[in-house]
Undergrad: 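Have a look at the structure that comes next, please.
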Amino acid sequence: MENAKNKIIVLMGGQGAGKGTHAKNLVAQKGFKYIEVGAILRGLPQESPIKQIMARGELVPDSELFNIIKTAITNCGKADIILDGFPRNVEQAKWLVNQYVSDKSPFDIHALHLSLPEKVMIERIANRVQEGGGRADDVNPDVVQKRLDVFKKETLPAIEFLKNAKGIYFYIVDVSPTDFTTNFLSVCKALGIENIDTNKLQVNVANLQTSHNS
Ligand code: AMP
C-alpha cells in the first residue's frame, strides 16, 4: 500500500449541481484536502482584472489558472484532493491530463460529472438567492444565463473530453433529485466511498467552515 496513488477527485457540473456542498461534505466525512478554484479567485484583490471577468460570468484566462492549480495541488502534499471548479474548458482538461495522468504521476484522476437538467439548475440558483445564500454572481439573471451558456459551450465539451481520456476514472452521477442525502450517497457510491456517517451530513454549507456557498 506504500506506493498506492492518491486521488484527485474532480467535481464537474453546472450551477446548482451542488459541487461545493458535496465537496465540503466529502471533506467532513473523509478529511480530503479541498481546492475550490472559485473561492481562490474570489479571494483575489478587488481591483484585480480577474474580478471583473468573474463579475461578467466569463471564464478567467487559462494562463492565469495553471500556476494557481499546480501550486494548490503541490501544497496539498501527499493526500487525496477534491478539485472543485477545474477544469472548465477543453484546454484546462487537456492540461490536467498532461500534468497528472501518467504511470509516474502520484495521482489517479477520478472525474465526476454531477448531472442535472438546465431547468433544475436555474431553479436551484433562484432558491439560493431567495434563501439569502446566493453569491454576487447569482443575483443578476444575465450573469446566471452567461454562466449557463459558458457551461454548455465550454465545460460540457471538457467533461466529454475527460470521459474519453485514457487513464481517467470517469463517473456520471444524477444529482437531479431534490434530496441532498440521496445525491451525496450517489456521489459516494460512484467513488467507492463507504461508511458514510449520515449524522454528520450538512446540507446548509454555510454551517460548514467556509466563508461562502458554492
Ligand atoms: P465557481 O465558484 O466555481 O462557480 O466560479 C466562479 C467564477 O470563477 C466563474 O464564473 C469563473 O469566472 C471563475 N472560475 C472558476 N473556476 C474557473 C476555471 N476553472 N476557469 C476559468 N474561470 C474559472
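If you read the sequence from its start, that first residue is 1, and numbering goes on from there.
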Undergrad: Do Ile8 and Ile82 have side chains that approach each other closer than 4.5 Å (heavy atoms only, starting at C-beta)?
TA: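 Result no, sub-4.5 Å side-chain heavy-atom pair not found.
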Undergrad: With a 3.5 Å cut-off and no angle check, do the side chains of Glu123 and Asn127 form a donor-acceptor pair?
TA: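 The answer is no; no qualifying pair exists.
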Undergrad: Report yes if the side chains of Asn183 and Val187 come closer than 4.5 Å at any heavy-atom pair, otherwise no.
TA: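 With C-beta onward as the side chain, the pair stays apart.
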Undergrad: Any chance you could measure Arg147, atom CZ, to Asn140, atom CG, to the nearest 0.5 Å?
TA: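 Output value for this atom pair is 10.0 Å.
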Undergrad: I'd like to check Asp80 versus Lys30 (side-chain heavy atoms, cut-off strictly below 4.5 Å). Are they in contact?
TA: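 Not touching, per the 4.5 Å side-chain cut-off.
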Undergrad: How close do Val203 and Thr21 get, counting heavy atoms only, and between which atoms?
TA: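 Shortest heavy-atom contact: O-CG2, 3.5 Å.
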Undergrad: Charged N to carboxylate O under 4.0 angstrom, Asp137 versus Arg56?
TA: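 No salt bridge links Asp137 with Arg56.
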Undergrad: Got Lys7 and Tyr169 here, is their nearest side-chain heavy-atom distance under 4.5 Å?
TA: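 No, too far: nothing below the 4.5 Å cut-off.
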Undergrad: Could you walk me through whether Asn89 and Thr155 pass the side-chain contact (heavy atoms from CB on, under 4.5 Å) check?
TA: CA-CA 5 Å; Asn89 63 25; Thr155 308; 6.0 Å; no
Undergrad: Closest approach of Ile196 and Cys188, non-hydrogen atoms and distance?
TA: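 Shortest heavy-atom contact: CD1-SG, 3.5 Å.
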Undergrad: Measure the CG-CD1 distance between Leu185 and Ile193 for me, rounded to the nearest 0.5 Å.
TA: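 The distance works out to 11.0 Å.
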Undergrad: When clusters are formed by joining ILVMFWY residues with side-chain heavy atoms under 4.5 Å apart, either directly or through shared neighbours, do Val120 and Leu148 land in the same one?
TA: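 Looking at the clustering, Leu148 is in the same group as Val120.
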Undergrad: Tell me the closest heavy-atom pair linking Lys166 and Val101, and the distance in Å.
TA: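 Closest pair (atom of Lys166, atom of Val101, distance): O-CG1, 3.6 Å.
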Undergrad: Would you check if Gln15 and Arg124 make a side-chain contact, meaning some heavy-atom pair closer than 4.5 Å?
TA: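 No. Closest side-chain heavy atoms not under 4.5 Å.
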Undergrad: Could you measure the distance from the NZ atom of Lys33 to the CG atom of Leu83? Nearest 0.5 Å is fine.
TA: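 Lys33 atom NZ to Leu83 atom CG measures 14.5 Å (nearest 0.5 Å).
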Undergrad: Any sub-3.5 Å donor-acceptor pair from Lys146's side-chain atoms to Glu58's backbone N or O?
TA: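 No; zero donor-acceptor contacts below 3.5 Å.
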Undergrad: Fit a plane to each ring of Phe66 and Trp95, take the angle between them on a 0 to 90° scale, and name the class: parallel (under 30°), tilted (30 to 60°) or perpendicular (over 60°).
TA: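 Phe66 vs Trp95 ring planes: parallel.
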Undergrad: Quickly, which of Asp84, Ile68, Leu65 forms a side-chain contact (heavy atoms from CB on, under 4.5 Å) with Val37? Name it, please.
TA: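 The single option meeting the side-chain contact (heavy atoms from CB on, under 4.5 Å) with Val37 is Leu65.
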Undergrad: Examine Tyr34 and Phe180 and state if one hydrophobic cluster contains both, with Ile, Leu, Val, Met, Phe, Trp and Tyr joined whenever side-chain heavy atoms are less than 4.5 Å apart.
TA: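 Yes, it is one cluster - the side chains of Tyr34 and Phe180 are joined through contacts under 4.5 Å.
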Undergrad: Within the 4.5 Å heavy-atom criterion, are Val10 and Pro87 side-chain neighbours or not?
TA: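 Sidechains of Pro87 and Val10: in contact.
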Undergrad: Please check this pair: side chain of Lys19 against backbone of Gly85, looking for a donor-acceptor N/O pair closer than 3.5 Å.
TA: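 Not at all, since once roles are kept as given, no pair shorter than 3.5 Å links the two residues.
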Undergrad: Hey, is the main chain of Lys70 close enough, under 3.5 Å, to the side chain of Thr74 for a donor-acceptor pair?
TA: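 Yes, Thr74 side chain to Lys70 backbone: donor-acceptor pair under 3.5 Å.
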Undergrad: About how many Å separate CD of Gln92 and CD of Gln99, when rounded to the nearest 0.5 Å?
TA: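 Result: 12.5 Å between the selected atoms.
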Undergrad: So if you build clusters from Ile, Leu, Val, Met, Phe, Trp, Tyr with side-chain heavy-atom gaps below 4.5 Å, do Ile69 and Leu59 land together?
TA: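 No, because Ile69 and Leu59 fall into different hydrophobic clusters, even though each may have its own neighbours under 4.5 Å.
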Undergrad: Using 4.0 Å as the upper bound for N to carboxylate O, is an ion pair formed by Glu36 and Lys24?
TA: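 Here Lys24 pairs with Glu36 in a salt bridge, since their nearest N and O are under 4.0 Å apart.
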Undergrad: Between Val175 and Ala17, which heavy-atom pair has the shortest distance, and what is it?
TA: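 Smallest interatomic distance, heavy atoms only, reads CG2-O, 3.7 Å.
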Undergrad: Do the side chain of Asn25 and the main chain of Gln202 share a donor and acceptor less than 3.5 angstrom apart?
TA: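 Yes, the answer is positive, given that a donor and an acceptor are paired below the 3.5 Å cut-off.
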Undergrad: Tell me whether Val143 is reachable from Val139 by hopping between hydrophobic residues (I, L, V, M, F, W, Y) whose side-chain heavy atoms are closer than 4.5 Å.
TA: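 Val139 and Val143: separate clusters.
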Undergrad: Out of curiosity, Leu114 CG to Tyr171 OH, how far, rounded to the nearest 0.5 Å?
TA: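 Interatomic distance, Leu114 CG to Tyr171 OH, rounded to 0.5 Å: 13.0 Å.
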Undergrad: A quick test of your reading: do over 12 heavy atoms of other residues, nucleotides or ligands sit less than 6.0 Å from NZ of Lys51?
TA: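 Yes, the 6.0 Å shell around NZ holds more than 12 heavy atoms from other groups.
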Undergrad: What heavy-atom pair brings Asp197 and Gln29 nearest, and what distance separates the two atoms?
TA: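 Shortest heavy-atom separation between Asp197 and Gln29 comes out as O-NE2, 2.8 Å.
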Undergrad: Could you give the distance from CD1 (Ile172) to CG (Leu112), rounded to the nearest 0.5 Å?
TA: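 With rounding to 0.5 Å, CD1 (Ile172) is 10.0 Å from CG (Leu112).
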Undergrad: Run the ring-centre check on His113 versus Phe170 and record whether the distance is less than 6.0 Å.
TA: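 Between His113 and Phe170, the centre distance exceeds or equals 6.0 Å.
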Undergrad: Indicate yes or no for a side-chain donor-acceptor contact from Lys5 to the backbone of Asp103 under 3.5 Å, with no hydrogens or angles considered.
TA: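 Answer holds: yes.
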Undergrad: State, yes or no, whether a side-chain contact exists between Leu162 and Val97 at a heavy-atom distance under 4.5 Å.
TA: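 Yes, at least one pair of side-chain atoms sits under 4.5 Å.
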Undergrad: Indicate the ring-plane relationship of Tyr100 and Phe107, choosing parallel, tilted or perpendicular according to the 30° and 60° boundaries.
TA: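 Correct class here is perpendicular.
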Undergrad: Quick check against the 3.5 Å criterion: does Ser115 have a side-chain atom that pairs as donor or acceptor with the backbone of Asp174?
TA: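 Here the side-chain-to-backbone pair does not exist.
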Undergrad: Are Val150 and Met12 linked, directly or through other ILVMFWY residues, by side chains that come within less than 4.5 angstrom of each other?
TA: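 Per the 4.5 Å side-chain linkage, Val150 and Met12 are not co-clustered.
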Undergrad: As a quick check of understanding, evaluate side-chain contact (heavy atoms from CB on, under 4.5 Å) for Asn6 and Phe32, giving each step before the final call.
TA: CA-CA 10 Å; Asn6 282 111; Phe32 298 134; over 6 Å; no
Undergrad: Please name the pair of heavy atoms, one in Cys76 and one in Ile81, separated by the smallest distance, quoted to 0.1 Å.
TA: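 Nearest pair, atom of Cys76 first, then Ile81: CB-CD1, 3.6 Å.
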Undergrad: Determine, for Glu118 against Lys152, whether the closest basic-nitrogen to carboxylate-oxygen distance falls under 4.0 angstrom.
TA: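 Lys152 and Glu118: salt-bridged.
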Undergrad: Are the side chains of Glu64 and Ile50 in contact, using a 4.5 Å heavy-atom criterion?
TA: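 Counting from C-beta outward, Ile50 and Glu64 do come under 4.5 Å.
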Undergrad: Is there a donor-acceptor contact under 3.5 Å from the side chain of Thr182 to the main chain of Thr178?
TA: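 No, the answer is negative, given that no donor and acceptor are paired below the 3.5 Å cut-off.
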Undergrad: Given the rule in the side-chain contact (heavy atoms from CB on, under 4.5 Å) test, do Phe161 and Leu156 qualify, once you have shown the distances and angles that lead to the verdict?
TA: CA-CA 9 Å; Phe161 175 86; Leu156 277 180; over 6 Å; no
